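Before any comments, here is the structure.
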Amino acid sequence: MEANQRIARISAHLQPPNFQGEGNSLLRRDYCRAKGGAPGFKVAILGAAGGIGQPLGLLMKMNPLVSVLHLYDVVNTPGVTADISHMDTGAVVRGFLGPSQLESALTGIDLVIIPAGVPRKPGMTRDDLFNINAGIVKTLSEGIAKCCPNAIVNLISNPVNSTVAVAAEVFKKAGTYDPKRLFGVTMLDVVRANTFVAEVLGLDPREVDVPVVGGHAGVTILPLLSQVKPPSSFTVEEIEYLTTRIQDGGTEVVQAKGGGGSATLSMAYSAVKFADACLRGLRGDAGVVECAFVASEVTELPFFSTKVRLGRTGAEEIYQLGPLNEYERIGLEKAKKELAESIQKGISFIRK
Ligand SMILES: NC(=O)C1=CN([C@@H]2O[C@H](COP(=O)(O)OP(=O)(O)OC[C@H]3O[C@@H](n4cnc5c(N)ncnc54)[C@H](O)[C@@H]3O)[C@@H](O)[C@H]2O)C=CC1
Ligand SMILES: O=C([O-])CC(=O)C(=O)O
C-alpha cells in the first residue's frame, strides 16, 4: 500500500464515525472485510448504550462467532461504538443512532438482542415497567418484522413475561411470526440458581446445573431443585432459602443499587451465554440446550420457560418439565396463575 493510501486510511479512523456509513470509505472497507472473509454471524444489540447494552456489546465483540456487531440506541451510540470498535477482536462494529437508523441497524441481521427499556427502582415490580417497555418492544419488533424477519430474537426487556407476547403479536400481525425464533431471556435466573446452589453445596458453580422453569418475575421463577445436577438433596430450610433467593435475585440487586438501576453486569454475562448458545445452534452444533421463555405446549399457557434445544432453526426441541416433587407442583400452579395474566396483558396490548 502506498504511504498516502495508508495515511488516508488512518485519518479515516480519526474522523467521527458515520453511523449510516454509506459515504464512509472506512465503513465500506470494514463491511468488505466482514463479507469477504471472516465467517460468523451478524448480531444487533438494541439498547446498546444502556447499563446492560454496554457490557453486552463488549462481550459480543469478544465472541469469535460474531463477524458484524450493530449497536443501536436512541442515545450515545457514537461514543459506545467508537470505544468498543477499538478492541482488537474480529467483529466489525457499526453504530446506529435514533429511530431513523433502526432499519439500517437491522438489515441482514441473524441475531437481535434487545435490552432496550427502563429498569426498575426499589419498590417497583417488573410489571410496573410494562407501559413504557411494551411500547419500546412493539416499535423494535416492527423494525425486525420489516428488516430481518428471519432473525433469532433474544428479548431481555422487562417484564419478559409480557414483552415476549408483545413481540409475538407484532410478528403475527406482520405475517412473519416463527415461534421457534423468539426467546425471552431467562438465563440470569439459571445463572443465579447455579451460583446460589453451588454455595450451599460447596461446589464450583460451573459444575452445577439447575433447571429454572416458568417465567421471569417473582413466583413465576421456579427452580427445580429436585433436578439439580449433580444429583443433590436439600433440607426443607435449604429449599425455602434457595427458592426465595433465586426468585428475588433481581430485587436483591435493585435494592443493593439503591435507585441506580437493576442487574446489568450479571445480565450482560447471562445474555452473552444465551446468545452464544443461539449462535452455536445456528452454526449446527449438536446438543446445545438452555432454559428460555418460548412458545410452548408444555403447559396450557402459550409461553413457558423450560429447557430448549437450540439448532439451525431456533428452538428445535422443547423439553418437558420432568418429575416434580410436591413443593414444585405447588410452585408451578402459583407460577402459571401469574404467568397467564402477564402473557394476556402483552397480547391485549397489541390486539386492543
Ligand atoms: N431478562 C432479564 O433477566 C433482565 C432484564 N432486564 C431489563 O433490561 C432492560 C434494560 O435494563 P438496563 O440496561 O439496566 O437499562 P438502562 O436504562 O441502563 O438502558 C436501557 C437502554 O435502552 C435504551 N432505549 C430506550 N428506548 C429505546 C428505544 N426505543 N430503542 C432503543 N433503545 C432504547 C436507553 O436509551 C438505554 O440506553 C430493563 O427493562 C430491565 O428491566 C434487566 C436485568 C435482567
Ligand atoms: O429485577 C429486575 O428488575 C431486573 C431483572 O429482571 C433481574 O435482575 O432479574
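Atom set for the values below is all heavy atoms of this structure, side chains included, hydrogens, waters and symmetry mates excluded. The shown structure was predicted, so the numbers you read here are calculated from the model rather than taken from an experiment. One-based numbering, in listed order, for ligands and for the atoms of each.
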- Tell me: protein heavy atom nearest atom 7 (C) of ligand 2, and distance?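 Protein heavy atom at minimum distance: R126 NH2, 3.4 Å.
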
- Closest protein heavy atom (residue, atom, distance) for atom 6 (O) of ligand 2: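 Result: H216 NE2, 2.6 Å.
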
Would you list the atom pairs, donor with acceptor, under 3.5 Å between side chains in residues 285-292 and any protein atom, with sequence neighbours excluded?
from, atom 1, to, atom 2, distance (Å)
D285, OD1, R283, NE, 3.0
D285, OD1, R283, NH2, 3.4
D285, OD2, R283, NH2, 2.7

Donor-acceptor contacts, no H, no angles, side chain residues 253-266, under 3.5 Å, sequence neighbours left out:
from, atom 1, to, atom 2, distance (Å)
K257, NZ, S262, O, 3.0
K257, NZ, T264, OG1, 3.1

- Item | ligand 2 contacted by M124 (non-hydrogen, < 4.0 Å) |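 In this structure, M124 fails to qualify as a contact of ligand 2 - no heavy atom is under 4.0 Å.
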
- Give a yes/no verdict on whether any heavy atom in R192 is under 4.0 Å from an atom of ligand 2.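 Distance cut 4.0 Å: R192 passes for ligand 2.
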
Any side-chain donor paired with an acceptor under 3.5 Å for [X] and [Y]?
| X | Y | value |
| --- | --- | --- |
| S342 | S162 | no |
| Q320 | T306 | no |
| E240 | T243 | no |

Taking the ring of [Y] and the ring of [X], is the distance between their centroids below 6.0 Å?
| X | Y | answer |
| --- | --- | --- |
| Y241 | F234 | no |
| F274 | F183 | yes |
| H70 | F96 | yes |

Against heavy atoms of [X], which atoms of ligand 2 measure under 4.0 Å?
| X | result |
| --- | --- |
| L188 | 7 (C), 8 (O), 9 (O) |
| A263 | 8 (O) |
| G250 | 1 (O), 7 (C), 8 (O), 9 (O) |

- Message: Salt bridge or not between K146 and E142? Use side-chain N to carboxylate O under 4.0 Å.
- Response: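 No, this pair does not count.
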
Check residues 171-178 and write down every donor-acceptor pair under 3.5 Å in which the side-chain atom is one partner and the other belongs to a residue at least two apart or another chain.
from, atom 1, to, atom 2, distance (Å)
K172, NZ, E169, OE2, 3.1
D178, OD1, K180, N, 3.0
D178, OD2, R181, NE, 3.0

Could you see which bit of [X] sits under 4.0 Å from ligand 2, with heavy atoms only: side chain, backbone, both or neither?
| X | answer |
| --- | --- |
| N158 | side chain |
| V160 | neither |
| M267 | neither |

- Message: With a 4.0 Å heavy-atom cut-off, what residues sit around ligand 1?
- Response: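 Residues G47, A49, G50, G51, I52, Y72, D73, V74, V75, P115, A116, G117, V118, P119, L129, N133, I136, L140, I156, S157, N158, V160, V185, L188, H216, S262, A263, T264, M267 each place a heavy atom under 4.0 Å from ligand 1, listed by chain and number.
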
- Heteroatom proximity flag, R120 to ligand 2, N/O under 3.5 Å: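 Min N/O separation from ligand 2 is below 3.5 Å for R120.
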
- Could you pull out the closest heavy-atom pair between K61 and T89, with the gap in Å?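 In terms of heavy atoms, the two residues are closest at O-OG1, 2.6 Å.
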
